[in-house]
Amino acid sequence: MSTAATSELNPNVSKATASAAAQAAKANQPVTFGKALNTALADALTVDESVVIFGEDVGTLGGVFRITDGLTDRFGSERCFDTPLAESGIVGMAVGMAMNRMRPVIEMQFDAFAYPAFEQIASHVAKMRNRTQGRLPLPMVIRIPYAGGVGGVEHHCDSSEAYYAHTPGLKVFTPSSVADAYLMLREAIDSPDPVVFFEPKKLYWSKEAVDLAQLAQDYEARRTPGSEGKARIARAGSDATLITYGPSVSTALEAASLAAEEGLSLEVVDVRSIVPFDDETVGASVRKTGRAVVIAEAQGFASVASEIVARVQERCFHSLAAPVLRVTGMDIPYPAPTLEKFHLPSAERILDAVDQLQWEA
Amino acid sequence: MSTAATSELNPNVSKATASAAAQAAKANQPVTFGKALNTALADALTVDESVVIFGEDVGTLGGVFRITDGLTDRFGSERCFDTPLAESGIVGMAVGMAMNRMRPVIEMQFDAFAYPAFEQIASHVAKMRNRTQGRLPLPMVIRIPYAGGVGGVEHHCDSSEAYYAHTPGLKVFTPSSVADAYLMLREAIDSPDPVVFFEPKKLYWSKEAVDLAQLAQDYEARRTPGSEGKARIARAGSDATLITYGPSVSTALEAASLAAEEGLSLEVVDVRSIVPFDDETVGASVRKTGRAVVIAEAQGFASVASEIVARVQERCFHSLAAPVLRVTGMDIPYPAPTLEKFHLPSAERILDAVDQLQWEA
Amino acid sequence: MSTEDNSNRFSEVSRKFGITPEDYMLPARHMINLLNPDGSLRSDAEQGTEPGHEYPLPSPARLLEAYEALVVGRRVNDQNSALVRQGRMAVYPSSHGQEACQVAAALCLEDGDWLFPTYRDTVAVLTKGVAPMEVMTSFRGEWHCGYDPKAYNCAPMSTPLTTQLLHAVGVAHAAKLRGEQTVVVAMCGDGATSEGDFHEALNFAAVFKLPVIFFVQNNKYAISVPLAHQSAAPSLAHKAVGYGMAGERVDGNDLMALMAVMGRAVRLAREGSGPLLIEAHTYRMQAHTNADDDKRYREDSEVAEWVGKDPVIRMRAYLDDAGLLDEKVQGKITAHAEAVASTLRDGMNEEADTDPLQLFAHVYSEPTAQLREQRELLADELAREEA
Amino acid sequence: MSTEDNSNRFSEVSRKFGITPEDYMLPARHMINLLNPDGSLRSDAEQGTEPGHEYPLPSPARLLEAYEALVVGRRVNDQNSALVRQGRMAVYPSSHGQEACQVAAALCLEDGDWLFPTYRDTVAVLTKGVAPMEVMTSFRGEWHCGYDPKAYNCAPMSTPLTTQLLHAVGVAHAAKLRGEQTVVVAMCGDGATSEGDFHEALNFAAVFKLPVIFFVQNNKYAISVPLAHQSAAPSLAHKAVGYGMAGERVDGNDLMALMAVMGRAVRLAREGSGPLLIEAHTYRMQAHTNADDDKRYREDSEVAEWVGKDPVIRMRAYLDDAGLLDEKVQGKITAHAEAVASTLRDGMNEEADTDPLQLFAHVYSEPTAQLREQRELLADELAREEA
Ligand SMILES: Cc1ncc(C[n+]2csc(CCOP(=O)(O)OP(=O)(O)O)c2C)c(N)n1
Ligand SMILES: Cc1ncc(C[n+]2csc(CCOP(=O)(O)OP(=O)(O)O)c2C)c(N)n1
Ligand SMILES: [Mg+2]
Ligand SMILES: [Mg+2]
């Protein structure tokens, strides 16, 4: 399950035209996270004729974040199209299309606007394969722009991953780098299982020098290690482990840099695949360092962060020099722009938590 | 916040007629959990004219579990009535009624049928008070029959408490005894905040000798200690703590009895109020015993059980002789009758976990 | 699509019938009814035929085929109820009294077409061709739906109300994008029309012009809640115009009318006229399920009234009178029904599929590391129990 | 309630208008329109008046009051857009071009009546009486809605589409149970009509016979998605009959027609005729919000066409011609509009409410133990920062 998703997993892939779309991207030019997602969608549309993209404003407009920009023009309005404004309808129709041999990749415009679709997701997307003993798999991707840090108003900044991670039958991915944005989305689309794909919206405009065409070629030639169920060491360190994902990876890296200045070596683990979860990588890091802080934007109560803490202490108890601590959003509704900085995990708050990990004087 | 809910909290309570409804119940006769809930509703309707009850089949039929039996007859179809079949509609209408000075107590017919209302609950029920700086509080109760053990078919046995517990702004209660069924529902109705009230459906027919009339009198005279934010020691013990709630309390008690036969003294803590959570009682027990197992029916990943494990190890780390373990439902869709016993926490599985708490030989 | 496309489509259909688009969408003033309760054919005048709402009679062969399915359906309903009473089946929502609707929903479709049933649509699923014991799997309390939806072009019987209507729309949409001529019948009850997904499904089908027939069995109750608490509309079929599709009411205990109306609906849908909403007036003769007590919310007299409108008796009377049903044919049909019933009795005696380790097999394409661990735990427990 | 109750109700209303209940529920064949774009009064013939759809002209005083609100509304829209361009406000969904709808929605109500607005309904909220800076609070990026909904009988402007329609139903239901005569206007856009909650709200209102007017501003787009991708119905008002309520279409840039139609709707609702659905045809002259780029999905020429239908110019022309608006009155109105605009400019210069510890104050009636702990953490951090 943790090998690269490949055309073997997905019989609709036409090998002839593979990676054509990515060719256009120039090698090692800085490219945005959003462009990487857009290219992944274009490449998937190119190589797999069963892929269809739909949602609110994803056609002519190219999505409110432009992640589907140009796809209707290039692939036609049968491959990428607008729906009526109804999220349960979008997800429910995607279920039916997946039942009938398509691979829908749908966009929920914002995190909180996926809630109307919750019944379809929890009762059908997650359960159809099981209900039918594997006869009706639902290969589909639900893309959700999520989390804050962009000055969004109410309902536009929720970190809702826990709702989906708690629902058996769904896979839950969230990339934090430009390369992962491309690769993990390709992998999600090729997965035979439904994936809820969380895109940290504050990263949409972030840039890295990545050769998307090369990534595409490697992915399609199965030379890329898969990310499903695989955490990533975002920064190596030895004194304590920061476990995090999505929008908080950059904050954790910032904290690790600051700590390094003071001579403390922090390892940063980017979970990437929340479901399935990579106990091995996380456990190995904590056993090595003996201390851990879990960081996530979502409110902490009954969250993915709680789960990570529970797993780590279950599995690494005797290696731990201190309790596993959490730095998460507060247990409050997501606050609007003027106050969000007090809610979100900050490098300072992370370092405060690290300070509490009972270091010998 | 942890005193008994009283007429002070709820200005609509008319003191004159208090507890009239409960008088009918005969003292110390065995009474079912369902009857206790029914009596709590009747008493609330009696003392507080702003209470209204509605949902699917709650009127003439008295609810599919008969929890609202006789209420329409007794209080009229304006106080207890059927709605069209639409859960988002039921919750959304309740929001509006609560905005306009009523106290709606609504029934979701089964756990999984609350999902269509998820947007209303997450985006409005939970947030209206905060959004309006406290000017539009939403005193309302969403009753959800939940969990398994009754041979129910698909969609009828979910343990969905984590979705709500993870949503700031909601309180989440779940009683496990007949007296608590009565008292906690009264308290939920009188709460100035929205409460999601989880009723373990396998307990509906369980009986205890409880004097409901006396309970009602004591409650209304503010002689009852409140349950909000207050866990309950369901059985005292000294060797390890079983932390649980709702349908699993009886299973934990069974495990504790079996352990006692082998000379092991297990304390059982019934959480009762998931949100707010009673860190004090839980922490005190674990600090005393040094060992803990958390038990819940829901799938374990990113669950309330995860949260309890995380909190306990954060707060009691240096008292712990072993990691805090979990016995929960498997991370699978709730299985239908023929297989549910393999999914649910059993006394044996709990004792296996207790065995693993690294006892010295 | 664009507004023009949609209005063009409707002008075409309505021109065909010589009526305005709005009149094409609104149901006929009276529900379509071809046979009287005594089995006699209603005259055109009695039918109150209106332009655009003319329905030719189905052929005798078609009617006989439908009648056979009707008799089998009734027998299956009653056999299942008996099995529940005997404790050999966990739960059964009987469609006794509604079998004509069930049969018409399945028979109007061709092989490649899809059916989206609810929990009450056992007989429709059977008529679509699913093997009897496979249909009954979930009612036995097994953890899966029992049949292969793709093998039969028949979705799992859906419990969360009207969620399946959207799946039906998706199946039709996928087919349309591939240029296939698949028609889909999507079923729900009167109560279910109140759910948000009903609205979203009808709207999506209309906007994407998909060949989906939304078939509502209005059996007057949603568990205990009567229709009047569910809707204040002149009829449920009046909802159609609000989506830009055609609506029609039909006597749901009149198999002839149902075959005619559903047959025409499928034809129109396949020709590209877009979705339709058909409301069948029928009655749930038994309690909601065996767990329900219908004495709490309806009068025996109301139930008794509907005995006189029984769809099986009515159809048999018509066929008898028309000389289409001799004793031999009726005998063969009865034997067929008995054979299905005995398959069910025998099947329910056999052990259900109860390998607990199956619980982990199909949650994902392959069990995750977490599920493998949990499977181990259970396997260990089972091994220890055996030892 | 029962079917009979509901049909009785409709027979009453329809008898009053001398038409069938179905005709009462279906919208008039043409949208109601009283003023031509040039401000001249349309003749009865031009209006195409049909039985049951006659609308008396509002009084001159009423029209002047409405015109004043219209001018203020336009000024507020444009002032806010300017403030956003200057970076002094975070986001603004302008209703430029739709102000006549906004004004009519608020002015048709009496003091005890409730308004349920969306994010685009700033001008309606203002017209309902909420203080300008209070209305604008959320667009400044503050964490709360800014005004006291109970003080103004005006709900917070709702973002999750059509969720607020159900709250409107609940407010009306609570009032009805207490015997109060409260009428509620619940607003949404054309795109929003596709959401499930739209369906559930209209159905609940109809079944419980509640005095709610569902007022849809059909401005032709939902962000980038044109109406034709949203609905295939002959009109959005045709959805009414499917719930058993009356539907009507009105020119949403014709303040006179809006006042007439909304005025009658409120009267009917207050008399107990149940809910109504009013669809106002208008146009969003600017982008969805300042964050949107409408060049991507519509032609300038389309926007230009609607300039000629401007509601402010049209109303002013009528009042001028009718001799109702002399320079003095117009001067006072302009001054009023300028005063509001300057309040906004000044207000936006003041500091927003940004005490971070407020974040914990209103999540529950009292902070839970958990929130008290989290508040402490933040208070500590703030104290250390200060130190
Ligand atoms: C979303 C959802 N809510 C509630 C239920 C519980 N429930 C099952 S059947 C039923 C009544 C359905 O009535 P109707 O649609 O008229 O169908 P009928 O049972 O009469 O065939 C209800 C409320 C459900 N299955 N799904
Ligand atoms: C449930 C939900 N889904 C999506 C959105 C995002 N969204 C905000 S406004 C809008 C378009 C609404 O269009 P319409 O109802 O026509 O109103 P208008 O903006 O034209 O006034 C969308 C999709 C939302 N606010 N709520
Ligand atoms: Mg029914
Ligand atoms: Mg619009």
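Each chain gets a letter, A, B and so on, in the order the sequences are listed, and its residues count up from 1.
With 3.5 Å as the limit, one finds no donor-acceptor pair spanning the side chains of D/Glu50 and D/His30. Checking D/Glu305 against D/Tyr283 by side-chain atom types alone, no donor-acceptor pair falls below 3.5 Å. Side-chain N/O atoms of D/Asn219 and D/Thr282 include no donor and acceptor closer than 3.5 Å.
Only the side chain of D/Met25 has a heavy atom closer than 4.5 Å to any heavy atom of chain C. Neither the backbone nor the side chain of D/Leu236 comes within less than 4.5 Å of any heavy atom in chain C.
Looking at D/Asn253, its side chain does come within 3.5 Å of a backbone N or O of D/Lys309 through a donor-acceptor pair. Between the side chain of D/Glu248 and the backbone N or O of D/Ala28 there is at least one donor-acceptor pair closer than 3.5 Å. A distance-only check finds a donor-acceptor pair linking the side chain of C/Arg249 to the backbone of C/Arg29 [under 3.5 Å]. Proximity of a side-chain donor or acceptor of C/Arg15 to a complementary backbone N or O of C/Thr20 within less than 3.5 Å is not detected. Side-chain N or O atoms of D/Lys209 include none that pairs as donor or acceptor with a backbone N or O of D/Val207 at under 3.5 Å.
Inspection of non-hydrogen atoms places C/Thr193, C/Ser194, C/Glu195, C/Gly196, C/Phe198, C/His199, C/Glu200 of residues 187-200 of chain C under 4.5 Å from chain D. Contacts between residues 159-174 of chain D and chain C, counted as heavy-atom pairs separated by less than 4.5 Å, involve no residue at all.
Ranked by heavy-atom pairs under 4.5 Å with chain C, the first of D/Ser235, D/Ala237, D/Gly242 is D/Gly242. Between chain D and the residues C/Met245, C/Gln230, C/His238, the largest count of heavy-atom pairs under 4.5 Å involves C/His238.
Atom CZ of D/Arg270 has more than 12 heavy atoms from other residues, nucleotides or ligands within 6.0 Å.
To the nearest 0.5 Å, the span separating CZ on C/Arg284 from CD on C/Gln217 amounts to 12.0 Å.
Side-chain atoms of D/Val250 and D/His281, non-hydrogen and from C-beta on, never get closer than 4.5 Å to each other.
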